[in-house]
Protein chains: 2
Amino acid sequence: MLHWKTDTIAPRAPPFPPLIHPRSVAEVSPGFGIVSLMNASRDFPTNGDIFSQYEEVNNVYSVVSGAVRFSRMMKDGRRQIGAFYFPGDFFGLESEERHSFSAEAIVNSRIRVTKRGAFLKTVMGDQACAHEIWSETAAHLQRAQRHMSVLGRKNARERVAAFLLDMDARLHSQGSIDLPMPRRDIADYLGLTIETVSRIFTNLAKSKIIAISDVRRIVLCNRAALGQLSES
Amino acid sequence: MLHWKTDTIAPRAPPFPPLIHPRSVAEVSPGFGIVSLMNASRDFPTNGDIFSQYEEVNNVYSVVSGAVRFSRMMKDGRRQIGAFYFPGDFFGLESEERHSFSAEAIVNSRIRVTKRGAFLKTVMGDQACAHEIWSETAAHLQRAQRHMSVLGRKNARERVAAFLLDMDARLHSQGSIDLPMPRRDIADYLGLTIETVSRIFTNLAKSKIIAISDVRRIVLCNRAALGQLSES
DNA sequence: CGATTAATTGACAAAACTCAATACGAGTGG
DNA sequence: CCACTCGTATTGAGTTTTGTCAATTAATCG
């Protein structure tokens with residue numbers, strides 16, 4: 001029984017107990033000073049819209065608990081997920097006037113929300129904060145660029161391997177990874193179909209590289225093999 | 001006869017006449033204040049390394065003339081090009097200590113180079129500059145995220161269409177696009193093989209959507225059709 | 001418990017890749 | 001100026017990978 005499966009629609013109900021990792025609130029408002037400027041927080045239900053494509057950029061966000069997908073839809077319904085955000089991650093700050101991606105809660109999530117204007121003004125006034133916000137954006141950029149290599153040049157097995165290792169690192173898993181997202185999200189993140197993702201999962205399990213203890217709970221049995229696969 | 005084909009090996013020879021677009025030097029040092037802080041410039045020959053993957057981040061760069069590819073190589077030789085940079089573009093400023101991509105001149109190019117440390121200190125001290133540098137990074141991020149949709153969710157024809165429209169816009173082409181890069185670079189940017197890129201070019205030409213007046217010179221005959229194809 | 005959604009599995013089709021051959025273009029030397 | 005070479009691009013034939021469609025199983029939730 002994966003806890004966050006239990007509460008699906010209850011709006012604004014504090015997730016109980018949600019994706020909160022064993023780190024202090026100070027760490028969740030990540031080591032930095034910037035997030036402490038963001039004091040209003042809101043709860044979003046599973047699949048709740050945080051902002052959507054084409055909407056005006058009004059706020060900046062930071063994940064307190066839960067998980068967020070950052071995605072873009074094509075006219076014919078094809079969807080690309082550009083990133084996943086987890087507790088401590090900061091998102092939604094863009095230089096353009098309108099969002100080019102939308103953000104949705106994957107599970108019940110608590111999100112800190114701050115007015116963009118006030119945030120930018122405050123942040124840019126302070127040299128350390130300005131550097132920090134830039135550096136955060138640069139890190140997002142680097143992550144995006146790395147993901148381009150996955151999408152452009154890796155086969156299905158390598159993509160899934162890279163995904164699992166990334167989730168393992170980012171979700172602070174102990175022993176097993178509790179994936180908050182459904183197969184469709186994984187597929188849309190990796191540029192594959194759900195069927196292919198599913199087949200690769202089964203295939204990796206057959207090769208004893210992973211074990212699927214629950215559909216959403218994965219154990220990495222052979223990290224070396226995964227590393228080999230995802231090697232860039 | 002595409003001019004930049006004529007000078008291939010002469011190192012540090014000023015390109016004559018290279019990819020310089022009809023805008024003033026002030027514009028090339030883009031409207032902003034930041035680039036004016038970068039006053040040393042260097043000429044790189046075709047295929048010259050500007051910096052490479054795993055190298056320390058020492059400088060920041062801006063293209064004066066020519067064209068640059070920003071790429072990452074996998075152990076087995078597969079390569080992903082993350083971006084192309086053209087006159088006025090700013091690149092190489094990263095938050096990490098080491099580059100995760102390398103940058104090479106595609107044709108003889110003149111590049112402004114500035115020490116990273118000095119640059120960051122100066123820039124972060126000034127509020128307007130700090131905002132500008134952040135906003136530039138955010139724009140790169142947005143471009144990368146958009147490209148992820150291309151790599152993850154578009155078929156070969158759609159990728160090439162999107163590429164041509166992008167080059168058309170960025171190279172300030174009048175009538176026809178002079179592509180500075182070979183087919184291999186296009187393939188590695190779009191996550192395809194050179195054969196597929198070549199076939200799609202021929203195919204688009206047969207459909208009268210483009211005309212290939214020279215291997216590297218493309219005329220867009222039907223932008224509407226290209227837009228339709230690349231629509232996201 | 002039954003309805004509904006999510007995930008898996010299989011058979012087949014399609015898109016893109018691989019390998020190989022050929023054509024083209026630019027530069028070189030006779 | 002022409003033949004020759006070398007790198008780049010195109011084209012074709014056949015294979016591979018992944019996608020599509022359909023059926024089945026599993027999980028979730030009222």
Side-chain angles (χ1 to χ4, degrees), chain A residues 1-10 13 45-47 76-80 106-108 150-160 178-188 190-206 210-218 229, chain B residues 1-10 46-47 76-79 106-107 150-161 178-206 210-218 229:
Chain A
M1 242 41 32
L2 298 182
H3 46 258
W4 37 260
K5 278 189 182 174
T6 57
D7 44 12
T8 30
I9 29 166
T46 299
N47 295 321
D76 61 4
R78 281 177 288 178
R79 186 182 68 157
Q80 177 65 39
I106 296 175
V107 294
N108 286 359
V150 172
L151 293 173
R153 285 280 167 248
K154 289 185 178 175
N155 66 30
R157 218 158 181 254
E158 294 166 334
R159 292 184 202 202
V160 172
D178 279 350
L179 297 172
M181 72 290 282
R183 297 287 190 267
R184 163 141 309 286
D185 286 356
I186 302 176
D188 287 347
L190 297 178
L192 300 170
T193 59
I194 43 178
E195 291 95 333
T196 300
V197 170
S198 180
R199 279 185 252 268
I200 303 286
F201 268 87
T202 315
N203 173 287
L204 289 174
K206 278 191 181 131
I210 64 171
I212 307 174
S213 65
D214 176 279
V215 208
R216 305 270 187 105
R217 170 168 287 183
I218 309 293
L229 270 172
Chain B
M1 258 44 48
L2 299 183
H3 46 258
W4 37 260
K5 277 188 182 175
T6 58
D7 43 12
T8 30
I9 31 166
T46 299
N47 295 321
D76 61 3
R78 282 176 286 177
R79 186 181 67 157
I106 296 175
V107 295
V150 172
L151 294 172
R153 285 280 167 246
K154 290 186 178 176
N155 66 30
R157 217 156 182 256
E158 293 167 334
R159 293 184 201 201
V160 172
D178 280 350
L179 297 171
M181 73 289 284
R183 296 288 190 265
R184 162 139 309 285
D185 287 355
I186 301 176
D188 287 347
Y189 179 61
L190 296 179
L192 300 170
T193 59
I194 43 177
E195 291 94 333
T196 301
V197 170
S198 180
R199 277 185 252 268
I200 302 286
F201 268 87
T202 316
N203 172 288
L204 289 174
K206 276 191 183 132
I210 64 171
I212 307 174
S213 64
D214 177 278
V215 208
R216 305 271 187 105
R217 170 166 288 184
I218 309 295
L229 270 172

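Reminder, nothing fancy here: chain letters follow the sequence lines and each chain counts from 1.
Rounded to whole Å, atom C1' of C/dA16 lies 14 Å from atom CG of B/Asn203. Per the geometry, CG belonging to B/Leu190 stands 18 Å off P belonging to C/dA15, to the nearest Å. One can place CD1 of A/Ile106 at 16 Å from C1' of C/dA6, the figure rounded to the nearest angstrom. Taking atom CG of B/Asn155 as the reference point, atom P of D/dT18 lies 17 Å away to the nearest angstrom. With rounding to whole Å, B/Leu192 atom CG is found 15 Å from C/dT18 atom C1'. B/Arg157 has its CZ atom 16 Å from the P atom of C/dC17, to the nearest Å. Atom NZ in B/Lys154 sits roughly 20 Å away from atom C1' in C/dA14 (whole-Å rounding). In this structure, CD of B/Glu158 is placed 17 Å from P of C/dA14, rounded to the nearest angstrom.
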Filtered N/O pairs between nucleotides 9-12 of chain D and protein, under 3.5 Å:
residue	atom	partner	partner atom	Å
D/dA9	OP1	B/Arg183	N	3.3
D/dA9	OP1	B/Arg216	NE	3.3
D/dA9	OP2	B/Arg183	N	3.2
D/dT10	OP1	B/Arg183	NH2	3.2
D/dT10	OP2	B/Arg183	NE	2.9
D/dT10	OP2	B/Ser198	OG	2.8
D/dT10	O5'	B/Ser198	OG	2.9
D/dT11	OP2	B/Thr202	OG1	2.7
D/dG12	N7	B/Arg199	NH1	2.8
D/dG12	O6	B/Arg199	NH2	3.3

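Distance CG/A/Leu192 to CD1/A/Ile186: 10.5 Å, rounded to 0.5 Å.
One finds a salt bridge joining B/Asp76 and B/Arg78 here, because a Lys/Arg side-chain nitrogen approaches an Asp/Glu carboxylate oxygen to under 4.0 Å. A salt bridge is defined here as a Lys NZ or Arg NE, NH1 or NH2 lying under 4.0 Å from an Asp or Glu carboxylate O, and B/Arg153 with A/Asp188 meets this definition.
Under a 3.5 Å cut-off, the side chain of A/Arg183 and the backbone N or O of A/Val215 do form a donor-acceptor pair. Between the A/Arg159 side chain and the A/Lys154 main chain, a donor and an acceptor come within less than 3.5 Å of each other.
Here the side chains of A/Asn203 and A/Arg157 are in contact, with some heavy-atom distance below 4.5 Å.
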